[in-house]
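Note sheet for the following structure.
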Amino acid sequence: MTDSAEAPPIRPKAQEIRDFLHYPGWLSGAEQMALVADLRAVVAQAPLFSPMTPQGRPMSVRMTSAGRFGWVSDRRGYRYSETHPAGMPWPAIPETILAIWRAVSGTDRDPECCLINFYGEGARMGLHQDRDEADFTQPVVSISLGDDGLFRIGNETRGGATQSLWLHSGDVLVMGGAARLRHHGIDRIAPGTSLLLPQGGRLNLTLRVVT
Ligand code: MD6
Ligand code: FE
């Protein structure tokens with residue numbers, strides 16, 4: 001008998017866009033489904049919540065985290081926290097997610113935070129920099145699941161020309177090197193473009209070394 005194990009997926013080559021590395025369709029459909037199952041287990045332990053902006057308005061994105069640190073926001077501002085707003089520590093980052101980081105990050109360190117963002121119809125994320133981590137030589141790796149999201153990339157300083165790309169389910173994006181402090185955000189999602197999540201919407205995971 002021949003080996004019945006499935007062949008490993010063929011990985012895409014990176015496409016460089018404003019110093020970001022974009023891997024369109026890095027994850028196979030089966031891998032995306034496995035990731036969603038792992039994320040359900042995380043969300044069962046650390047429920048999604050709607051963070052308040054420091055201005056006191058609820059964000060349109062719902063969030064939770066895995067790893068030593070999670071990302072929280074309230075009247076005290078945005079910060080990393082070792083506990084969920086309900087008081088418990090965050091669940092561990094699933095091995096399936098660590099494997100993606102190890103394949104694309106180019107660093108020996110493992111991520112200390114996996115931020116899970118859920119975008120329902122109408123949710124967006126304004127242009128921002130990720131600059132609350134201690135070491136900007138460590139990249140941020142993002143994984144997109146579910147509906148398409150329109151990602152906008154700007155510059156290190158505010159303003160100037162921007163460039164947009166659609167992120168599809170299974171795409172991986174690496175923000176390292178010269179891209180690490182560029183502004184970026186999600187203008188909108190395209191509801192109904194993916195069947196991965198039964199209720200629709202978009203999940204984005206961002207993996208970071210915090211300390
Ligand atoms: C999102 N992503 O894709 C929001 N940050 O929903 C981010 O804010 C992000 O995709 C750092 C690096 C890659 C990202
Ligand atoms: Fe970001």
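Residue indices begin at 1 and follow the sequence shown. Counting convention: from 1, in listed order, for ligands and their atoms alike.
Separation of atoms CD1 (Ile153) and CD (Gln163) is listed at 6.5 Å; rounding is to 0.5 Å. Going from atom OH of Tyr80 over to atom CD of Glu112 covers 9.5 Å, rounded to the nearest 0.5 Å. Taking OG from Ser144 and CG from Leu203, the interatomic distance works out to 9.5 Å, rounded to the nearest 0.5 Å.
If you number the atoms of ligand 1 from 1 as listed, the ones under 4.0 Å from a heavy atom of His128 come out as 8 (O). For ligand 1, the atoms closer than 4.0 angstrom to any heavy atom of Met175 are 11 (C), 12 (C).
Of all protein heavy atoms, the one lying nearest to atom 6 (O) of ligand 1 is Tyr119 OH, 2.4 Å. Given atom 5 (N) of ligand 1, the protein heavy atom at minimum distance is His184 NE2, 2.8 Å. Among all non-hydrogen protein atoms, the one lying nearest atom 2 (N) of ligand 1 is Asn204 OD1, 3.6 Å. The protein heavy-atom contact nearest to atom 13 (C) of ligand 1 is Ser142 CB, 3.5 Å. Protein heavy atom in closest approach to atom 12 (C) of ligand 1: Val140 CG1, 3.4 Å. The nearest heavy-atom contact from the protein to atom 11 (C) of ligand 1 is Asp130 OD2, 3.1 Å.
Note on Asp130: its N/O/S atom closest to the Fe ion (ligand 2) is OD1. The atom of His128 that is an N, O or S and sits closest to the Fe ion (ligand 2) is NE2.
Remark: aromatic rings of His184 and His128 are close, center separation under 6.0 Å. In this structure, Phe49 has its ring center closer than 6.0 angstrom to the ring center of His84.
Phe136 does not carry Arg180 over the face of its six-membered ring by the limits of under 6.0 Å from the centre and within 45° of the normal.
For the pair Asn117 and ligand 1, the shortest N or O to N or O distance does not fall below 3.5 Å. At least one N/O-N/O distance between Arg202 and ligand 1 falls below 3.5 Å.
Thr211 has its side chain out of reach of Glu133: every pair of non-hydrogen atoms, C-beta onward, lies at least 4.5 Å apart.
Here salt bridge (charged side-chain N to carboxylate O under 4.0 Å, His left out) pairs that include residues 24-53, with residues two or more places apart or in two chains, are Arg11-Glu31.
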